[in-house]
**Student:** 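Mind looking over this structure? Questions follow.
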Amino acid sequence: MTARFTHPRLSPFLVAAVIALGCLDANAQRFPDYGKNNEWNPTDGEVMMLPDYCRRQFRPPPAVPGARKPKRSGPRVCPVNMNHFCPGLVALNRAKNPAGSRSQRKFILGVAEQQIMQVHDNMTPDCPRALDVANAARQVRMMQMLLK
């Protein structure tokens with residue numbers, strides 16, 4: 001004869017406590033103070049959420065003594081202001097963070113819009129990051145609708 005296993009009943013309090021503890025992840029949920037951590041100076045947790053090419057912009061690998069910087073080969077196909085894209089992504093990720101107040105998120109979304117859209121408006125289709133910039137611009141527009 002086989003014994004039938006019955007699941008213990010979970011109390012709603014226990015479920016709420018587990019969810020609340022999951023939301024306490026310091027890097028993912030904290031809304032940084034804009035004064036000292038603007039989009040050009042993200043926290044380490046924010047840098048880890050970015051694509052690899054953005055991580056290198058904010059946290060470059062240590063320099064090797066005597067090493068030469070690699071020369072760019074071929075024509076420049078991305079806009080000159082491409083360096084504004086990664087700070088725009090930092091601001092966009094902050095605007096998506098539910099830990100901030102609505103007014104904080106709207107302010108940061110305005111910063112993200114300014115940074116991302118100036119790159120988007122100058123983007124050429126043959127730039128390797130064109131799809132990433134177009135996706136980020138689309139996300140900015142979606143967040144604007146959500147935070148109206």
**Student:** So which heavy atom on C127 is nearest to which on M123, and how close?
**Tutor:**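 Taking every non-hydrogen atom into account, CB-SD, 3.4 Å.
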**Student:** Any link between V47 and M49 through a network of hydrophobic side chains (Ile, Leu, Val, Met, Phe, Trp, Tyr) touching at under 4.5 Å?
**Tutor:**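 Unlinked, V47 and M49 end up in two clusters.
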**Student:** Identify whether Y53 and F58 are in the same connected component of the hydrophobic contact network (ILVMFWY, side-chain heavy atoms under 4.5 Å).
**Tutor:**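 Yes, Y53 and F58 fall within the same hydrophobic cluster.
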**Student:** Indicate if V111 and L50 have the same hydrophobic cluster label, given that clusters are the connected sets of ILVMFWY residues with side-chain heavy-atom separations under 4.5 angstrom.
**Tutor:**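 Looking at the clustering, L50 is in a separate group from V111.
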**Student:** What are the two closest non-hydrogen atoms of V119 and M82, and how far apart are they?
**Tutor:**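 Scanning both residues, the minimum pair turns out to be CG1-SD, 3.7 Å.
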**Student:** Find out whether N83 and Q57 are in side-chain contact, i.e. whether some heavy atom of one side chain is under 4.5 Å from a heavy atom of the other.
**Tutor:**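 N83 vs Q57: side chains touch.
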**Student:** Hey, is the main chain of K148 close enough, under 3.5 Å, to the side chain of R102 for a donor-acceptor pair?
**Tutor:**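 At least one qualifying donor-acceptor pair exists.
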**Student:** On a heavy-atom basis, which atom in A95 and which in I108 lie closest, and how many Å separate them?
**Tutor:**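 So the minimum-distance heavy-atom pair works out to N-CG2, 3.8 Å.
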**Student:** What are the two closest heavy atoms between H120 and A137, and how far apart are they?
**Tutor:**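 For H120 and A137, the tightest heavy-atom pair comes out as CD2-CB, 3.8 Å.
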**Student:** Going only through I, L, V, M, F, W and Y residues with side-chain contacts under 4.5 Å, is there a path from L109 to L146?
**Tutor:**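 Same cluster: L109 reaches L146 through Ile, Leu, Val, Met, Phe, Trp or Tyr contacts under 4.5 Å.
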**Student:** Taking the side chain as every heavy atom from C-beta outward, state whether D132 and P51 have any pair of such atoms under 4.5 Å apart.
**Tutor:**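 D132 does not reach P51 side chain to side chain.
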**Student:** Which atom names give the shortest non-hydrogen contact between L92 and A112, and what distance separates them?
**Tutor:**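 Closest pair (atom of L92, atom of A112, distance): N-CB, 3.5 Å.
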**Student:** Using a distance-only test with no angle check, is there a side-chain donor-acceptor pair under 3.5 angstrom linking R138 and N135?
**Tutor:**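 There is such a pair (donor and acceptor under 3.5 Å, judged by atom type) between the side chains of R138 and N135.
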**Student:** Identify whether NZ of Lys or CZ of Arg in R129 sits under 6.0 Å from the centre of the six-membered ring of F85 and within 45° of that ring's axis.
**Tutor:**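 The answer is no; the distance or angle limit is not met.
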**Student:** Would you say E113 and M143 make side-chain contact, with heavy atoms under 4.5 Å?
**Tutor:**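 No, every pair of side-chain atoms sits at 4.5 Å or beyond.
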**Student:** Which heavy atom in E46 sits nearest to a heavy atom in V90, and how many Å separate them?
**Tutor:**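 For E46 and V90, the tightest heavy-atom pair comes out as OE1-CG1, 4.1 Å.
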**Student:** So how far is it from E39 CD to R94 CZ, rounded to the nearest 0.5 Å?
**Tutor:**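 Reported to 0.5 Å precision, the distance equals 7.5 Å.
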**Student:** Would you say N122's side chain and N81's backbone share a donor-acceptor pair under 3.5 angstrom?
**Tutor:**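 Absent.
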**Student:** Determine whether F107 and L147 fall in the same hydrophobic cluster, where Ile, Leu, Val, Met, Phe, Trp and Tyr are linked whenever their side-chain heavy atoms lie under 4.5 Å apart.
**Tutor:**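 No; L147 is not reachable from F107 via cluster members.
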